[in-house]
Asker: 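Questions regarding the structure given below will be posed in turn.
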Amino acid sequence: MRSGWWRSMSAAALLLWGGLQVASAMEPIRIGAFLTLTGPSASLGDPELKTLRSYIADLNAKGGVIGRTIELHDCDTGGNAQQAIACVKRLIEQDRVDLLIGGSTTGDTMAVIPAVEQARIPLISLAGGIEIIDPVKHWVFKTPHTDRMAVAKIYANLRKRGLTKVALITGDGGFDQSGRAQLHQLAPQYGIAIVADETYGNQDADMTAQLARIKASNAQAIINFGFGQAPAVVTRDAKQLGITLPLYQSHGVVSQSFIEQAGAAAEGVRLPAAALVVAEQLPDANPQKPVLLAYKRRYESQYGPVSTFGGHAYDGLMIAVAAIRRAGDVDKAKLRDEIERTSGLIGVAGVFEMTPEDHVGLNADAFRMVEIHNGSWRLLP
Amino acid sequence: MRLAGFYGFAALVVLLPLLFPNDYFVIVVGASAGLHAILAVGLNLLVGYAGQISLGHAAFFGMGAYASAILTTRFGWPGLLALLAGLLVAGLLAWLLARPILRLRGHYLAMATLGFGVIVHVILVQATDWTGGPDGLSGIPPLNLFGWTVEGDLQWYGVIAAAMLLAIWLSLNLVDSQIGRALRAVHGSEFAAQMMGIDTARAKTQVFVVSALFAAFAGSLFAHQQAFVSPDSFNLAVSVELVTMVVLGGIASTFGAACGAIALTLLRQGLVVFEDYEMLIHGALLMAVMIFLPQGLFVGLGQALRTGLRRCGLGRRRDRHRSLSTAGVQDPGSPP
Amino acid sequence: MPEQLFQFLLTGITVGSLYALVGLGFALIYNASDVVNFAQGEFVMLGAMLTIALLGAGLPLPLAALAATGLTVLVGLLLERFAIEPALGAPVVSTIIITIGAAIFLRGAALLLWGKDFHRLPAFSGDAPIQLGSATLLPQSLWVLGGTALLVLGVRFFFERTRPGKALLACSYNRTAAQLVGINVRVMLRLAYGLSAGLGALAGILIAPITFSSYEAGVMLGLKGFSAAIVGGMGNPMGAVVGGLLLGVLESLGAGLISSGYKDAIAFLFVLMVLFFEPTGLFGHKVAERV
Amino acid sequence: MNALSPSTPLLRVEGLEQSFGGVMALAGVSFQLDEGVIQAVIGPNGAGKTTLFNALCGFYRPSAGSIRFAGQELRGLPPYRIAAHGIARTFQNLQLFFNMTVIENVMVGCHLRARTRWLAAALRLPQVRREERQLRQWAREALTLCDLADWAEQSAGALPYGLMKRVEIARALAARPRLLLLDEPAAGLNDTETLALRELIARIRASGVTVLLVEHHMPLVMGVSDRLLVLDYGSVLAEGAPAEIQADPRVIAAYLGGAVHYAV
């Protein structure tokens with residue numbers, strides 16, 4: 001607790017000191033991060049910020065990038081779009097950052113895009129929604145797989161098992177609803193029929209009413225797109241109602257706390273996840289494996305169990321650093337062009353191949369289908 | 001003379017950006033504070049003067065914002081026309097709702113307005129085809145005012161500051177007229193007000209509509225300024241915060257409401273540096289202000305200041321009236 | 001359909017009991033002070049989080065629950081002593097803002113103590129569902145139902161059979177008169193805060209295995225509890241219980257039969273309708289003002 | 001206001017009934033009141049005096065009977081419509097607007113004569129300024145009549161009790177009523193204040209306002225009233241000039257068997 005206080009005081013002191021600095025050629029590179037550090041999506045922003053801090057400290061210890069140190073300015077959006085806009089304006093106008101990382105959530109990211117485009121500053125988002133980069137926005141990139149890829153992965157797995165009738169149950173948050181939209185959009189393409197479509201409030205304590213309806217439908221499988229504690233409630237209540245249909249969750253629940261909360265009911269749940277959670281189970285020949293293990297070891301030695309969200313921040317920082325190195329300075333337009341030229345960069349989420357038409361640069365193969373088995377993740381073939 | 005405070009405040013609002021033209025706190029946070037001030041001043045007419053609580057005011061704010069957002073993005077309406085439509089929708093709904101809702105008193109009224117706010121919020125989240133759902137609507141075009149396109153934070157500061165000053169001016173005028181006295185009479189004693197020939201149900205309806213109009217107006221500006229709207233900005237927490245602003249600043253005082261709005265907005269931004277301690281400090285400050293200045297920051301501090309001046313032998317002109325008051329009921333402003 | 005209906009009802013009654021317990025706390029404090037305590041949900045959260053923390057520290061569950069309740073009561077008393085009492089005589093809205101401030105403060109404290117994660121209290125008697133015809137029920141739901149029944153009976157007994165209870169009731173009817181017959185209103189206020197903090201904590205402990213808990217868990221429960229108390233008629237504890245059950249059942253039926261996305265809107269529409277026809281709730285005493 | 005022929009009373013109440021959950025608070029009250037008189041309503045506690053006032057003003061909706069005021073039926077109208085017909089009142093439990101100054105209270109009393117609309121007020125158009133001045137002037141006149149001019153800018157809540165009651169009268173007068181209802185105007189006043197009140201009531205009548213008052217203070221009642229109406233158990237027990245009422249054995253019985261002597 002105390003370290004939090006000192007951190008904030010030293011951050012404040014640093015800010016003050018930063019403000020007093022006269023402009024010089026050796027100015028630090030300023031990266032602005034706006035993340036959900038509080039509120040229902042705090043579990044996203046927290047590992048993201050920790051990752052950024054850890055790796056920026058590391059880079060600075062090694063002499064910085066292009067001979068300049070990196071300065072991190074962070075701002076908590078609380079998952080509130082309005083606050084996200086305020087954060088971005090503060091980072092751009094007061095902290096004068098050279099590059100933005102963030103939007104832990106799609107909602108936060110979408111909210112700031114007008115301000116970012118107007119300020120002409122590169123933004124690397126850490127959120128899943130496909131609408132962030134589709135249609136392509138000139139200044140906006142992102143590192144996580146899209147929810148469309150997650151849906152594609154789930155549907156492919158369903159087809160493999162010969163299941164075609166599914167019931168959806170989603171929350172009322174942005175993540176849930178944009179996932180739900182993708183589920184509807186992709187269904188015909190995979191020959192999947194949606195026979196039930198339920199929603200719940202993300203704060204709800206009980207989902208049995210919705211699940212009872214699903215139980216009475218002729219669904220062959222249930223897909224729950226959501227995050228926070230709600231998916232754990234869904235998983236538990238499904239078990240309570242004696243529902244034996246295969247249950248698919250989204251990549252929104254890839255964290256140890258989901259397994260803890262859902263308890264025994266989580267057994268057998270399948271979901272698409274980044275390779276990070278099953279890093280050890282990957283074949284040694286996989287070029288991603290050393291990157292994943294290195295990140296995981298570093299994070300866990302400092303903060304405890306790793307989560308994929310921190311991995312997105314790692315990818316974002318690495319893409320940015322590589323682009324700065326190639327550009328040789330932090331001119332915003334040059335930086336943007338270099339980010340767009342990212343190619344063959346092996347990150348936590350997969351291998352990034354960005355193009356002017358593709359501002360995420362990942363394909364669905366970056367997702368792995370995993371199953372919860374004996375309280376941990378098992379890579380499915 | 002009557003508006004001396006107003007002109008002083010206006011001068012400050014104009015001077016600040018001239019002194020700090022690129023300061024984030026003045027320009028961006030200031031604009032946000034200004035929007036909140038419009039909302040608080042409007043809500044204060046209802047809560048402070050007419051004595052009717054509303055815990056659902058964010059709904060009207062949201063209606064203005066979404067009317068502008070939907071009409072400009074989906075139907076290509078010009079911003080000003082959309083703004084008027086937003087006013088119309090919010091005003092009409094407030095008018096329809098006012099009679100049944102304002103029959104209720106105290107906490108029942110609080111509950112009913114709260115429920116109304118929750119229902120509107122649920123609709124904003126669920127009616128995805130119209131509202132864009134929880135992710136909201138983006139790409140709202142900049143506001144065009146008779147050929148001038150408002151762009152950039154400094155210009156927005158100007159527009160919002162002007163709108164806020166207009167709101168404060170309108171509110172000051174209203175309060176200091178027979179309309180305002182009738183509202184305060186409704187608050188003071190509904191029986192007596194009726195016996196003076198005031199149709200209290202009608203007066204309450206009117207003030208409900210007017211304060212909804214203030215909120216919808218702020219909402220339209222907000223939508224254009226942010227170029228983005230999402231349901232989060234109009235949920236219960238926002239409604240509660242608006243009431244907090246009114247009470248924190250000083251109930252039944254136009255400047256009190258505006259000051260409360262500005263103070264709370266600055267506070268929320270200022271506390272960000274405390275990270276995890278933000279909530280703890282925010283809560284403690286709210287409690288402290290209300291315990292030590294139950295009449296609110298603006299009104300309470302004003303009274304303390306006057307008392308202080310009197311002790312120093314200043315402010316004699318007001319003294320004559322004040323000394324008489326000691327004979328009667330205790331000064332409601334003094335903390336227990 | 002009928003068997004589903006039964007499931008909806010079971011769910012509704014379980015969830016409704018949660019709301020009823022929280023609503024009861026609202027009614028208690030309102031009785032003593034005419035103030036709606038918006039920190040009531042935070043008492044619930046504290047009860048749950050403290051129990052989880054103490055359990056984690058190695059205490060057995062009954063002891064952890066007892067200690068957590070005691071600590072929450074202490075918080076309630078401190079809140080009354082240092083935030084409510086100094087503001088006696090302030091306008092009611094100011095007092096409401098104080099309780100809102102207290103709620104934010106307690107949430108902030110919980111955030112510092114236990115972080116942002118969701119925590120889970122293991123169910124008291126396992127997770128194996130109980131089959132009731134075609135419907136199922138978690139054993140923890142039985143704990144909630146039984147606990148609610150016991151607490152409601154306890155509160156009833158307190159109000160009808162004990163001197164402090166009767167005194168508290170007297171305060172709710174007419175504070176000045178109560179004062180005149182020698183009831184110490186300040187002591188009553190403390191009693192009410194202590195009691196409703198304790199009730200809140202117990203509610204939190206009973207429901208934590210079902211809902212999971214986090215520093216923000218009190219917000220939603222507080223809102224629903226307030227609605228329950230209002231529907232029942234503010235200041236009528238049994239009304240709050242009925243209001244809570246009604247609300248829970250309605251939400252469950254709304255989600256099950258009409259639309260799960262709009263279920264909160266349905267619940268609040270119901271609240272509005274009740275108020276339009278019964279402006280002081282279903283069982284509130286109708287006050288006639290004298291002129 | 002239509003002119004009344006001398007034979008028509010200003011107020012004629014017939015068979016007025018008001019019940020609360022089975023209890024008849026007014027069981028067919030009938031009486032009439034001529035223009036320009038001061039009439040007092042007396043009776044033991046619970047006789048229905050204040051209920052009668054509340055029924056006359058529209059706070060209650062009487063279940064039967066008629067209230068004809070200046071030739072028009074008022075029963076069933078809401079209070080603000082009744083006020084518009086020219087009836088004003090004060091209250092037994094003070095209903096002053098404590099959130100305003102004394103003169104503002106009285107300016108609210110002028111409401112029926114105010115014409116300001118929302119938009120005009122918000123924009124503070126010239127007519128609003130004119131009206132403000134006019135209202136203030138009228139309010140001052142009412143205050144002067146009630147000897148309150150010095151207290152005009154005081155907060156109403158800060159006045160001594162006796163003055164508060166007086167402000168209520170000034171506020172009611174500001175409405176320029178034809179009939180003024182005073183509900184226990186002397187309650188809580190000391191002897192000096194009561195004397196001043198008596199004088200004030202006389203002055204009010206002199207200004208052409210008819211007065212109906214409920215009062216327990218018998219010296220005041222006997223001194224100021226032209227006629228008395230005695231209520232008991234919601235019915236009219238007796239009606240007449242003070243001297244007749246004093247001699248009426250039924251009234252004496254109702255007031256604890258004859259042990260009453262009024263110093264007139």
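Below, chain A is the first sequence line, B the second, and so on; all start at residue 1.
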Asker: Between C:S260 and A:Q210, is there a donor-acceptor pair closer than 3.5 Å when you use the side chain of the first and the backbone of the second?
Answerer: no
Asker: Between C:I210, C:D264, C:V15, who has the most heavy-atom pairs with chain A when the cutoff is under 4.5 Å?
Answerer: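 Going by pairs under 4.5 Å, I would pick C:I210.
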Asker: Could you look at C:F212 and say if it's the side chain, the backbone, both or neither that has a heavy atom under 4.5 Å from chain A?
Answerer: side chain
Asker: Mind checking which of residues 231-239 of chain A sit less than 4.5 Å from chain C, heavy atom to heavy atom?
Answerer: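 Near chain C, by residue number: A:A232, A:V233, A:R236, A:K239.
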Asker: What is the minimum heavy-atom distance between A:Q240 and C:L137, and which atoms define it?
Answerer: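 It is NE2-CA, 3.6 Å.
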Asker: For residues A:D204 and C:K263, determine if any side-chain heavy atom of one lies less than 4.5 Å from a side-chain heavy atom of the other.
Answerer: yes
Asker: Against A:D206, only a single residue in C:L18, C:L138, C:T11 fulfils side chain to side chain contact (heavy atoms under 4.5 Å, CB included); can you say which?
Answerer: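 When side chain to side chain contact (heavy atoms under 4.5 Å, CB included) is applied between A:D206 and each of C:L18, C:L138, C:T11, only C:T11 qualifies.
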Asker: Is there side-chain contact between A:R213 and C:Q4, with at least one heavy-atom pair below 4.5 Å?
Answerer: yes
Asker: Which distance, rounded to the nearest 0.5 Å, do you find between the CD of C:Q7 and the CG of A:L241?
Answerer: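 Atom-to-atom, C:Q7:CD and A:L241:CG are 5.0 Å apart.
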Asker: Need one label for C:Y262: side chain, backbone, both or neither, based on atoms under 4.5 Å from any heavy atom in chain A.
Answerer: neither
Asker: Measuring heavy-atom distances to chain A, does C:P209 have an atom under 4.5 Å in its side chain, in its backbone, in both, or in neither?
Answerer: backbone
Asker: If you take all heavy atoms of A:A209 and C:S252, which pair is closest and at what distance?
Answerer: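 Minimum heavy-atom separation between A:A209 and C:S252: CB-O, 3.6 Å.
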Asker: Can you see which heavy atom on C:R120 is nearest to which on A:E260, and at what distance?
Answerer: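 C:R120 and A:E260 have their closest heavy atoms at NH1-O, 3.7 Å.
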Asker: Please classify the contact between A:L37 and chain C as side chain, backbone, both or neither, with a heavy-atom cut-off of under 4.5 Å.
Answerer: both
